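All figures in this text were calculated on a predicted structure; none of them were measured in a lab. Only heavy atoms go into these numbers, but all of them, side chains included; no hydrogens, no water, no symmetry mates.
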Amino acid sequence: MTINGVEVSFNIAEEVSNKRIMKALKSVSKDTEASEGKEGAEQIRIMCTSVKNAFDYVFGAGTGEKICGKENDLNVCANAFADLLEEKNRQDEILKQTRVRLMAAIDGNGNDELSD
């Protein structure tokens, strides 16, 4: 996927990628809640820093600044993170269908335990 002209990729069905995106999402959510009640500029700094750190955590150091820029523009940061979450949600739906397919295949072939 491309976010603000930067090509990134992740696979929510892969364990490490899944853990990273979920941890990043929780961190941004926590930081956004913590920024409530702060002065405008401070709130923007907290949220943008959190989003940039999340991109760095998921995709590697420097990715947050490449995607969001050097400045802390909340419109840019929030929209970039929203793009990431839309892709995550799209992949979540595919993953859900994959689990259903796997369970249907298991149910259709009996529920025999694996043996050596």
Residue pair [X] / [Y], side-chain heavy-atom distance below 4.5 Å:
X: Ser27; Y: Asn53; value: no
X: Arg20; Y: Phe59; value: no
X: Val8; Y: Ile67; value: yes
X: Ile94; Y: Ile12; value: no

Drop me the distance from [X]'s [atom1] to [Y]'s [atom2], to the nearest 0.5 angstrom.
X: Leu102; Y: Asp107; atom1: CG; atom2: CG; value: 9.5 Å
X: Met1; Y: Leu84; atom1: CE; atom2: CG; value: 6.0 Å
X: Leu25; Y: Lys23; atom1: CG; atom2: NZ; value: 13.0 Å

Salt bridge between Lys19 and Glu15, side-chain N to carboxylate O under 4.0 Å?
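Salt bridge: yes.
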
Lys26: side-chain contact (heavy atoms from CB on, under 4.5 Å) partners, not counting sequence neighbours:
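Scan of Lys26 (side-chain contact (heavy atoms from CB on, under 4.5 Å), adjacent residues dropped) gives none.
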
Qualifying residues under side-chain contact (heavy atoms from CB on, under 4.5 Å), relative to Ala54, sequence neighbours excluded
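With sequence neighbours excluded, Ala54 shows a side-chain contact (heavy atoms from CB on, under 4.5 Å) to Ala24, Val28, Phe81, given in chain and number order.
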
Common cluster, [X]/[Y], ILVMFWY with side-chain heavy-atom separation under 4.5 Å:
X: Val76; Y: Ile44; value: no
X: Phe10; Y: Ile3; value: yes
X: Leu74; Y: Ile46; value: no

According to the salt bridge (charged side-chain N to carboxylate O under 4.0 Å, His left out) rule, which pairs have a member within residues 51-74, sequence neighbours left out?
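Matches after skipping sequence neighbours: none remain.
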
Verify side-chain hydrogen bond (donor to acceptor under 3.5 Å, both in side chains) between Gln91 and Glu87, making sure each step is shown before the conclusion.
CA-CA 6 Å; Gln91 288 188 28; Glu87 176 62 15; 2.8 Å; yes

Does Phe55 form a side-chain contact (heavy atoms from CB on, under 4.5 Å) with Val6? I'd like the steps, not just the answer.
CA-CA 11 Å; Phe55 279 119; Val6 178; over 6 Å; no

Just to verify, what does Glu14 make a side-chain hydrogen bond (donor to acceptor under 3.5 Å, both in side chains) with, not counting sequence neighbours?
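Glu14: side-chain hydrogen bond (donor to acceptor under 3.5 Å, both in side chains) contacts with Ser17.
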
Apply salt bridge (Lys or Arg N to Asp or Glu O under 4.0 Å) to Arg99 and list each qualifying residue two or more places apart in sequence or on a separate chain.
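Partners of Arg99 by the salt bridge (Lys or Arg N to Asp or Glu O under 4.0 Å) criterion come out as none, since no residue qualifies.
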
Test of understanding: with salt bridge (Lys or Arg N to Asp or Glu O under 4.0 Å), list the residues that count as partners of Lys88, not counting sequence neighbours.
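Once residues adjacent in sequence are excluded, the partners of Lys88 under the salt bridge (Lys or Arg N to Asp or Glu O under 4.0 Å) criterion are Asp92.
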
If I compare all heavy atoms of Ser35 with all of Met47, which pair ends up nearest, and what's the gap?
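Smallest interatomic distance, heavy atoms only, reads OG-CG, 3.6 Å.
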
